[in-house]
Amino acid sequence: MFKRMKEDIEVVFEQDPAARSALEVVLTYSGLHAIWAHRIAHALFKRKLYFWARVISQASRFFTGIEIHPGAKIGRRFFIDHGMGVVIGETCEIGDNVTIYQGVTLGGTGKEKGKRHPTIKDNVLIATGAKVLGSITVGENSKIGGGSVVLKEVPPNSTVVGIPGRVVIQDGIRIPTAKDLNHCDLPDPIADRFREMESEVIELRQELQELKNERIKINGHSNI
């Protein structure tokens, strides 16, 4: 147990450059507290002590702002950065060396029974505010862009962005017409619609100016 706790602390130092001391990490990192509480809750859950498992998970949620169902299976070297608003469902399975940021939801769609939450394979990164929903699999070494909503399977070694999420890079090769995983480049349908409206306004102004010019010419000829 202490070996795993030491490993969890080491992961924080690897992932977060703001970490300065082990004491600071142990006392102030809510993501670490949530993971440790989940390990206890999950052990109780496997022993069918469901009530006490939920008590611990809800207490952890109250103190950390991170909700992890005690039934979720989480691998080693799991790192939650900041963590506020993170939700992980009951049948979610998370591999090793996975990193998630604040506001991430690994949830269900409300239409499934049994295995209804995602499976996250090893070495996956899920950025701020992303939602991965349903009994789908995110393949190894993949990245989910901030604010994305993922509803379909993600192949290994892929980068996914957008709403709904779509693969933009796979095996290091950019998918045609895709954008990079930069927050400023994420698809924005509202901005796209504004650009379309702006183009239409410019065209209307040009047509109006042409009509004015024709009217001036006609009036000029009539005065001669």
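Quantities reported herein were computed from a predicted structural model and do not represent experimental measurements. This chain uses plain numbering: 1 for the first residue, then up along the sequence.
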*Evaluate the criterion side chain to side chain contact (heavy atoms under 4.5 Å, CB included) for residue pair Asp8 and Phe78; output intermediate values, then yes/no.*
CA-CA 7 Å; Asp8 292 332; Phe78 181 51; over 6 Å; no

Any link between [X] and [Y] through a network of hydrophobic side chains (Ile, Leu, Val, Met, Phe, Trp, Tyr) touching at under 4.5 Å?
X     : Y      : answer
Phe13 : Val11  : yes
Val87 : Tyr101 : no
Leu44 : Phe51  : yes
Tyr29 : Ile40  : no

Donor-acceptor contact below 3.5 Å, side chain [X] vs main chain [Y]:
X      : Y      : answer
Ser148 : Ala130 : no
Glu24  : Arg20  : yes
Thr64  : Gly31  : no

Considering all heavy atoms, the nearest [X]-[Y] contact:
X      : Y      : value
Ile56  : Ala41  : CG2-CB, 4.0 Å
Lys121 : Glu140 : CB-N, 3.6 Å
Val124 : Asn141 : CG2-N, 4.2 Å
Gly89  : Ala72  : O-CB, 3.4 Å
Ser142 : Asn157 : OG-N, 3.4 Å
His38  : Ile68  : ND1-CG2, 3.3 Å

Rounded to the nearest 0.5 Å, what separates atom [atom1] in [X] from atom [atom2] in [Y]?
X      : Y      : atom1 : atom2 : result
Glu14  : Glu7   : CD    : CD    : 9.0 Å
Ser57  : Glu90  : OG    : CD    : 10.5 Å
Leu204 : Met197 : CG    : CE    : 11.0 Å
His69  : Phe45  : NE2   : CZ    : 5.5 Å
Phe79  : Leu32  : CZ    : CG    : 9.0 Å
Asp96  : Arg76  : CG    : CZ    : 7.0 Å

*side chain to side chain contact (heavy atoms under 4.5 Å, CB included) between Ile94 and Leu106: does it pass, once the steps are laid out?*
CA-CA 10 Å; Ile94 300 174; Leu106 305 179; 3.8 Å; yes

*With clusters built from Ile, Leu, Val, Met, Phe, Trp and Tyr whose side-chain heavy atoms come within less than 4.5 Å, directly or transitively, what are the remaining members of the cluster of Val201, listed by chain and number?*
none

*Would you check if Lys6 and Glu10 make a side-chain contact, meaning some heavy-atom pair closer than 4.5 Å?*
yes

*Would Lys143 and Val160 count as a side chain to side chain contact (heavy atoms under 4.5 Å, CB included) if you check the C-alpha gap in whole Å, the side-chain angles of each, and the deciding distance to 0.1 Å?*
CA-CA 6 Å; Lys143 298 178 181 179; Val160 174; over 6 Å; no

*Of the options Val98, Ile120, Leu125, which is the one that meets Val138 in a side-chain contact (heavy atoms from CB on, under 4.5 Å)?*
Ile120

*asked:* Please identify which of these residues, Ile100, Thr105, Val104, meets the side-chain contact (heavy atoms from CB on, under 4.5 Å) condition with Ile88.
replied: Ile100

*List the steps, then state whether side chain to side chain contact (heavy atoms under 4.5 Å, CB included) holds for Met5 with Trp36.*
CA-CA 8 Å; Met5 293 176 70; Trp36 286 349; 3.8 Å; yes

*Please say whether more than 12 non-hydrogen atoms of neighbouring residues, nucleotides or ligands are located less than 6.0 Å from NZ in Lys115.*
yes

*May I have the step-by-step check of side-chain hydrogen bond (donor to acceptor under 3.5 Å, both in side chains) for Asn97 and Asp122, ending in yes or no?*
CA-CA 6 Å; Asn97 300 303; Asp122 298 344; over 6 Å; no

